[in-house]
Amino acid sequence: MNKTVNINLANSLFHIDDTAYDKLRRYLESVKRSFSGTAGSDEIIADIEARIAELFLEKMENERQVITQKEVDEVITIMGQPEDYMIDEDIFEDEPVSSNKKSGPTSRVKKLYRDIENKYIGGVCSGLEHYLGFDALWIRLIFILLGLFTGFGIVAYILLWILVPEAVTTSQKLDMTGKPINISNIERKVKEGFDDVADKVKNVDYDKVGDKVKSSSKTFFDTIGDIIMFFFKIFGKFIGIILIITGATALIALFVGLFTVGVIDMVHFPGVDFYDIINTTGAPVWVVSLLCFFAVGIPFFFLLYLGLKILVNNLKSIGNIARYSLLGLWLMSIGILIALGIRQAAAHAFTGTTTINEEIYVENATDTLNVRMQSTESIDYDNRFTFDDLQMVYDDNGNALLYSEDIRFDIKKSTDSLVRLKIRKDADGSSFQEARERSSEITYNYAYVDGELVLDDYLTTSAENKMRDQEVRTTLYIPEGMHITFDENVNGNIGRSTKNDRDYYRSDIIDYLWVMGEDGELKCQNCPDDLYSDDDGNGKIIINEDGIDINIRDRNENGKIIINEDGIDIDVKDNGESFKMKVDENGVEIKAEDDY
């Protein structure tokens with residue numbers, strides 16, 4: 001079994017078996033001997049090692065992969081043997097290239113770089129010349145024309161200047177021109193650099209002015225470029241700080257709000273009890289809290305990590321194992337939460353009803369029946385949690401109850417001479433039977449004493465029944481000819497099915513005496529003759545010797561308009577907005593408010 005050794009190439013550490021290591025070592029020694037005494041040999045060897053390291057990285061699937069003899073042979077095939085290029089090209093420069101020359105592939109896919117050796121500003125156009133095959137002069141003209149007439153040329157040039165890297169190393173310069181990166185081309189490219197320097201030294205008298213310009217540390221455009229890059233770096237650092245603050249704040253809030261309460265339970269939070277009342281999935285609160293922590297926290301963790309990467313250039317990677325593990329955990333948490341959500345929604349799939357029919361003995365059907373609502377004093381209203389129309393409250397003994405004030409009752413005509421009360425209790429469940437059993441657990445009371453019917457303005461049920469849209473709807477049937485009045489506290493509890501001959505809005509009928517008519521409508525006995533409402537029954541208009549009084553009532557708006565000897569008084573409210581205008585002997589006063 002081959003042993004594994006470590007080798008360092010171009011500041012990259014590789015694991016390689018000993019057989020492949022011996023072959024690679026002999027190959028590199030041969031390369032070094034071939035270029036011994038050659039101008040720029042150190043740079044040639046460094047570029048060759050960097051290219052070999054780049055090829056190894058392309059072939060590795062993970063950081064721990066061991067380089068074998070197969071990968072070494074493939075790299076040597078691409079780079080070529082040193083002896084293949086040890087021909088004096090100056091002697092045979094007029095000879096055609098031999099077809100047997102092992103130079104590997106003759107061309108490569110070009111990569112876009114900025115050519116800083118032939119630049120005027122940032123090397124963008126000269127880099128595009130290599131990549132596209134057009135003369136840089138025409139590319140510069142296109143950028144100038146687009147910049148003058150549309151402004152897009154300037155923006156595109158700046159973006160390319162920022163995003164496209166410059167060709168610095170020999171490998172990058174060869175990639176820019178599309179030449180294969182092997183020993184021959186690396187040697188030739190390095191020698192070209194040394195030849196350029198030698199030519200400039202020989203022609204120093206002719207290039208005196210040019211040498212003075214190029215000897216300066218920075219050109220004007222370099223300085224402008226550095227300033228632009230400085231501001232972009234500052235902006236990038238600012239974005240990184242924002243990402244770090246956002247990610248860290250979110251993770252801390254999630255830890256305190258979900259992880260601490262749900263898992264560690266460091267502080268007793270009544271909301272945990274509240275969770276048990278609305279939960280139907282059977283999943284404990286700590287499980288749901290943990291899943292929410294992962295589902296929301298993992299994206300914010302990567303946001304925090306991205307901010308750190310922007311600020312810290314040499315920040316160590318968390319590794320593929322951790323990265324994919326977090327991704328899998330996030331997907332699993334999202335999937336489980338979706339499944340729990342579907343199961344939670346299924347708890348409201350069916351509605352069950354329990355109906356109670358009661359007869360109320362009234363001695364004389366012509367007597368007046370007064371209807372009143374009553375509340376309870378045995379509820380702790382200071383510690384309650386609301387979910388839709390239901391609340392979780394505690395009674396005097398500290399027992400948890402579900403409580404709702406969403407009570408409605410309607411007045412209809414009885415089919416005989418008896419007064420009847422129909423109480424309908426509704427609740428949801430995952431099956432019809434479960435919903436019906438839950439509806440039967442609702443507690444709702446009433447009482448009839450001396451011509452007065454007292455109805456509870458609330459319902460209660462045990463917390464064990466959980467919040468399942470429990471509600472109570474009551475219908476009072478009274479015989480024809482019976483008079484009825486309403487206490488002021490029933491305002492808001494009268495249902496829409498209650499009809500009256502004046503088309504009054506249901507909250508307006510409490511002011512008058514009514515009698516049940518033959519057609520099932522309540523007939524007003526003491527309403528003023530000059531009182532009538534609009535077609536929708538959403539208001540009333542009083543016209544008498546005192547002036548005009550208009551009242552507007554609707555679900556989302558209400559108000560009044562009064563015109564009399566004192567002037568004009570307008571007060572209208574609509575969806576949180578209000579408008580008031582008063583005109584009297586003191587002048588005009590206008591006031592508008594927005595509650596949002």
Side-chain angles (χ1 to χ4, degrees), residues 39-40 42-44 46-48 50-51 54 89-90 93 103 105-148 152-230 232-233:
D42 291 340
E43 186 174 350
I44 294 173
D47 285 338
I48 291 174
R51 177 55 180 164
E54 181 182 298
E89 296 180 356
D90 293 333
E93 61 181 341
S103 59
T106 58
S107 64
R108 285 168 50 87
V109 177
K110 296 179 182 180
K111 294 182 179 180
L112 181 58
Y113 288 94
R114 289 187 290 114
D115 187 359
I116 57 177
E117 293 180 352
N118 300 300
K119 69 177 183 178
Y120 277 105
I121 300 177
V124 173
C125 296
S126 53
L128 288 172
E129 178 183 19
H130 297 293
Y131 189 76
L132 300 175
F134 296 112
D135 192 285
L137 176 62
W138 296 108
I139 297 175
R140 291 187 178 103
L141 288 175
I142 291 173
F143 273 109
I144 291 173
L145 292 175
L146 289 176
L148 290 176
F152 175 75
I154 299 175
V155 176
Y157 190 92
I158 293 175
L159 289 176
L160 290 172
W161 192 358
I162 296 170
L163 299 176
V164 177
E166 61 184 31
V168 178
T169 66
T170 304
S171 297
Q172 291 172 339
K173 293 175 183 177
L174 292 173
D175 266 339
M176 180 175 63
T177 57
K179 295 180 180 178
I181 308 175
N182 52 31
I183 293 178
S184 175
N185 286 328
I186 290 175
E187 176 193 8
R188 185 179 295 111
K189 194 66 179 177
V190 173
K191 284 185 175 181
E192 286 177 359
F194 278 87
D195 292 340
D196 289 342
V197 174
D199 291 340
K200 289 173 183 177
V201 172
K202 292 178 182 178
N203 299 323
V204 65
D205 294 332
Y206 301 98
D207 298 333
K208 186 175 182 180
V209 176
D211 287 340
K212 287 182 180 180
V213 174
K214 293 185 179 292
S215 64
S216 61
S217 59
K218 290 183 179 292
T219 65
F220 171 76
F221 291 110
D222 287 331
T223 304
I224 297 297
D226 290 342
I227 293 174
I228 294 175
M229 291 302 298
F230 171 77
F232 273 104
K233 288 179 180 179

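- None of I144, L128, V124 except one satisfies the side chain to side chain contact (heavy atoms under 4.5 Å, CB included) rule with I139; the exception is L128.
- Between S126 and A136 the shortest heavy-atom distance is CA-CB, 4.2 Å.
- Side-chain atoms of R114 come within 3.5 Å of backbone N or O of G122 as a donor-acceptor pair.
- Between atom CZ of residue F143 and atom CD1 of residue I121 there is a gap of 10.5 Å, rounded to the nearest 0.5 Å.
- For the pair E129/D115, no side-chain contact is recorded, criterion being any heavy-atom separation below 4.5 Å from C-beta on.
- Judged purely by atom type and a 3.5 angstrom limit, R140 has no side-chain atom pairing as donor or acceptor with the backbone of C125.
- When all heavy atoms of W161 and I228 are compared, the pair lying nearest together is CZ3-CD1, 4.3 Å.
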